[in-house]
Amino acid sequence: MPLLQFDLIQGRTAEEVQTLLDVAHEVVLQAFNVPPRDRYQIVHENPANFMVFQDTGLGFERSNKLVVVRVFTSPRSEEQKTLFMKLLAEQWAKHCDIDGRDLFISFITNSKGDWSFGFGEAQYLTGAL
């Protein structure tokens, strides 16, 4: 069950944001092999001057199409994570006109006891999931 948080620079249309989310979910399904309704996404829009993301010395510049993605998830293999990163870059370039230099991804790993999907219950621990 990954929870994805997206930080965007303000200015995209509702349709652009929806496409970005739909494509990201398709990548989650492919990379992590989760059920189709295992979809948890949050979008934050920020003024451009509220997001400072340089290149860590890699030698490229970012544009106002920058998207920062935080993936909160139970442990995933290195193969799954790298597949997610690769597919997201490819699919956003193809469907959302987002260049790879405008994609910043971070994984935050937690355990099954860290999730409640409703009712204040830890469904992974109770056996409901």
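Quick caveat, the model's predicted, so the values are computed rather than measured.
Atom CD of Gln41 sits about 4.5 Å away from atom CG of Leu21, to the nearest 0.5 Å. Taken to the nearest 0.5 Å, the CG atom of Asp114 stands 12.0 Å off from the CG atom of Leu3. Taking OG of Ser74 as the start and CH2 of Trp115 as the end, the distance is 7.5 Å to the nearest 0.5 Å. Separation of atoms CG (Leu103) and CD (Glu90) is listed at 11.5 Å; rounding is to 0.5 Å.
Using modelled atom types, one side-chain atom of Lys65 and one backbone atom of Asp97 make a donor-acceptor pair closer than 3.5 Å. The backbone N or O of Glu121 sits less than 3.5 Å from a side-chain atom of Ser116, completing a donor-acceptor pair. Side chain of Asp102 to main chain of Ser63: a donor-acceptor pair is present (N/O by atom type, distance under 3.5 Å, no hydrogens or angles). Using a distance-only test at 3.5 Å, with no hydrogens or angles considered, a donor-acceptor pair links the side chain of Gln123 to the main chain of Gly118.
Under the 30°/60° scheme for interplanar angles, the aromatic rings of Phe84 and Phe32 are found to lie parallel.
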Would you tabulate the side-chain donor-acceptor contacts of residues 23-31 under 3.5 Å, counting partners in other chains and residues two or more places apart, or write 'none'?
from	atom 1	to	atom 2	distance (Å)
His25	NE2	Pro36	O	2.8

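Nearest heavy atoms, Arg76 versus Met1: NH2-N, 3.1 Å. Of all non-hydrogen atoms in Thr19 and Cys96, the two that sit nearest each other are CG2-SG, 3.9 Å. In terms of heavy atoms, Pro2 sits closest to Asp38 at CD-OD2, 4.2 Å.
Residues Phe53 and Ile9 fall within the same hydrophobic cluster, defined by Ile, Leu, Val, Met, Phe, Trp and Tyr side chains chained together at heavy-atom separations under 4.5 Å. The cluster map of Ile, Leu, Val, Met, Phe, Trp and Tyr, joined by side-chain heavy atoms under 4.5 Å apart, puts Ile108 and Val34 in different clusters. The cluster map of Ile, Leu, Val, Met, Phe, Trp and Tyr, joined by side-chain heavy atoms under 4.5 Å apart, puts Met85 and Leu87 in the same cluster. Under the 4.5 Å side-chain heavy-atom criterion for ILVMFWY residues, no single connected hydrophobic cluster contains both Leu66 and Leu88.
You'll find the side chain of Tyr40 stays beyond 4.5 Å of the side chain of Phe72, heavy atoms only. Proximity of Phe50 to Asp7: side-chain heavy atoms (C-beta onward) are nowhere separated by under 4.5 Å. For the pair Phe6/Val17, no side-chain contact is recorded, criterion being any heavy-atom separation below 4.5 Å from C-beta on. Side-chain contact between Asp22 and Gln18: present, with at least one pair of heavy atoms (C-beta onward) separated by less than 4.5 Å. Between Ser77 and Thr82, the closest side-chain pair of non-hydrogen atoms is not below 4.5 Å. Using a 4.5 Å heavy-atom threshold, the side chains of Arg62 and Phe104 count as touching.
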Trace of the side-chain contact (heavy atoms from CB on, under 4.5 Å) decision for Leu20 with Ile98: CA-CA 9 Å; Leu20 185 143; Ile98 297 173; 3.6 Å; yes

side-chain contact (heavy atoms from CB on, under 4.5 Å) between Leu8 and Glu16, worked out: CA-CA 11 Å; Leu8 318 172; Glu16 288 173 319; over 6 Å; no

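Under a cut-off of 6.0 angstrom, the local environment of CG in Asn49 is crowded, with over 12 non-hydrogen atoms contributed by other residues, nucleotides or ligands. The number of heavy atoms from other shown groups lying within 6.0 Å of CZ (Phe60) is above 12. More than 12 heavy atoms of other residues, nucleotides or ligands sit less than 6.0 Å from atom CZ of Arg70.
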